[in-house]
Amino acid sequence: VLISGAGTNMAALVYASRITGCPYEVVLVASNDPEAAGLAFAASEGIAIFSLPHRGLTRADHDAAMEAAVRQAGADHIVLAGYMRILSDGFVERWEGRMLNIHPSLLPKYKGLDTHGRAIAAGDSHAGTSVHLVTPELDAGEVLAQIAVPITPADTPETLAERVKLAEHQLYP
Ligand code: GRF
C-alpha cells in the first residue's frame, strides 16, 4: 500500500485484512514522505514500512526504488491509498490489472485534485468515491466500485471530504 499522508484508507485495509476469510494481507506500507502519519501507524501494527523522499530524485529513479521495495516485500498487488505522486508509465504498465487507486469522486467526474470543491461549486447533489484500476492516463482506468455520498447545503470541501472518507473506508477493503 502506497501512501503520502494520514493513511486512513490504508488503516481500513489493514483492519479488514484481519477479518477471518479476508483474501489479502498488507505486506508493506511505503511512502514518498518519511513523516507520513500512516507509516507510524503501520509500524505499530507490525507491518513492514519503507519511505523515500522524492525530492532531488528523478521520477524514474524514485519510482524504481518504490517498485523495488514492493517486489522485495513479495507483494502481488499495489494499492494507491492517498499516494500523491503521478507514476511513470512503465511502472504502471508492469502492474497492469494489479494496481488499484481510490479517488474521491464519482469517476469519470472530477479527475485530479480539488474534487470536493469542484462538486460543491457545480451544485451537484452527490459527491462520492471510486476504486479503479490504474492506467497511465490519470484517474481513467476501469472503475471497480463506487459509493455516492450526499452533499448537504452547509458542506465545505473539508466537511464533505470527511463524509466521503467514511464511505471510502467501507469501499476499499
Ligand atoms: C482519500 O480521500 C483518497 O480518496 C485520496 O486521498 C485521500 C487519502 O486519505 N486519493 P488517507 O491518507 O487514506 O486518509
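Counting starts at 1 for both ligands and their atoms, following the listed order. Count residues from 1 along the sequence.
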Q. Who's closest to atom 9 (O) of ligand 1 heavy-atom-wise, of His103, Met84, Lys165?
A. Lys165
Q | Residues Thr8 and His169: side-chain donor-acceptor under 3.5 angstrom | A | yes
(Q) With the threshold set at under 4.0 angstrom, would you say Ile102 reaches ligand 1 through any of its heavy atoms? (A) yes
Q.
If you take the nearest heavy atom of each of Ala12, Gly7, Gly82, which one is closest to atom 8 (C) of ligand 1?
A. Gly82
Q | Distance (rounded to the nearest 0.5 Å) between Leu2 CG and Ser51 OG | A | 12.0 Å
**Q.** Any side-chain donor near an acceptor of the partner, Asn32 and Ser4, under 3.5 Å
**A.** yes
Q | Polar side-chain atom of Arg118 near backbone of Leu113 as donor-acceptor pair, under 3.5 Å | A | yes
Q. Is Val70 reachable from Phe50 through a run of I, L, V, M, F, W or Y residues, each pair having side-chain heavy atoms under 4.5 Å apart?
A. yes
Q. When you measure from atom 2 (O) of ligand 1 to every protein heavy atom, which one gives the shortest distance, and what is it?
A. Glu168 OE1, 3.1 Å
**Q.** Which of the ligand 1 atoms, numbered from 1, are nearer than 4.0 Å to a heavy atom of Thr8
**A.** 11 (P), 12 (O), 13 (O), 14 (O)
